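Beneath this line is the structure, given in structure tokens, with notes to follow.
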Amino acid sequence: MFNTEQRFLLHYRAGSLANVLERLKLHDYAVERTNATFLQITLRLNSEEKLHQLQQIDAITAVSLAPMQSSISK
């Protein structure tokens with residue numbers, strides 16, 4: 001599944017951002033950014049094993065591929 005590093009969008013339960021970030025840091029995930037308004041974290045993964053490990057974090061409610069960033073800037 002992983003030929004290159006891919007970006008994923010995580011959704012988490014309200015009030016659990018600090019806990020989720022702590023767990024991600026503990027397991028060496030590459031967090032790109034957080035959006036507390038929409039309860040989202042964007043991170044980069046390069047292995048299917050890391051993707052499966054996300055299931056162990058109870059506060060994460062959904063994981064999906066992150067949309068591609070546009071190279072057009074205004």
Side-chain angles (χ1 to χ4, degrees):
M1 176 180 177
F2 288 87
N3 292 331
T4 60
E5 190 171 72
Q6 296 184 35
R7 294 174 64 242
F8 286 84
L9 186 62
L10 309 179
H11 294 269
Y12 59 91
R13 278 192 214 107
S16 63
L17 177 60
N19 181 44
V20 171
L21 289 176
E22 181 179 324
R23 294 282 305 271
L24 293 173
K25 182 179 179 181
L26 180 67
H27 294 287
D28 296 322
Y29 284 90
V31 174
E32 280 188 358
R33 67 178 148 205
T34 63
N35 184 329
T37 303
F38 295 106
L39 305 175
Q40 297 174 340
I41 298 170
T42 305
L43 53 78
R44 295 182 311 276
L45 294 177
N46 59 6
S47 77
E48 198 166 338
E49 179 182 339
K50 286 281 202 186
L51 181 60
H52 291 297
Q53 287 177 352
L54 291 173
Q55 296 174 356
Q56 303 301 317
I57 303 175
D58 293 335
I60 294 176
T61 59
V63 178
S64 61
L65 278 170
M68 298 296 290
Q69 289 181 328
S70 173
S71 60
I72 301 172
S73 58
K74 294 183 180 183

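Just so it is clear, the model here is predicted, and its values are computed rather than measured.
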Any donor-acceptor N/O pair, S47 side chain to K50 backbone, under 3.5 Å: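 Flag set: sc S47 to bb K50 pair under 3.5 Å.
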Euclidean distance, [Y] [atom2] relative to [X] [atom1], rounded to 0.5 Å:
| X | Y | atom1 | atom2 | answer |
| --- | --- | --- | --- | --- |
| I57 | H27 | CD1 | NE2 | 6.0 Å |
| I41 | L17 | CD1 | CG | 5.5 Å |
| R23 | Q53 | CZ | CD | 10.0 Å |
| I60 | N19 | CD1 | CG | 9.5 Å |

Co-membership, hydrophobic cluster, residues L39 and L65, 4.5 Å side-chain: yes
For the student: nearest non-hydrogen atoms of A66 and T42, plus distance: CB-CG2, 4.4 Å
Which atom of Y12 lies closest to which atom of N35, heavy atoms considered: OH-O, 4.0 Å
Summary of salt bridge (Lys or Arg N to Asp or Glu O under 4.0 Å) pairs that have at least one residue in residues 35-44, sequence neighbours excluded: E5-R44, E32-R44
Excluding sequence neighbours, so at least two apart, what forms side-chain contact (heavy atoms from CB on, under 4.5 Å) with [X]?
| X | value |
| --- | --- |
| D58 | R13 |
| E22 | none |
| L43 | F8, L10, L24, Y29, L45 |

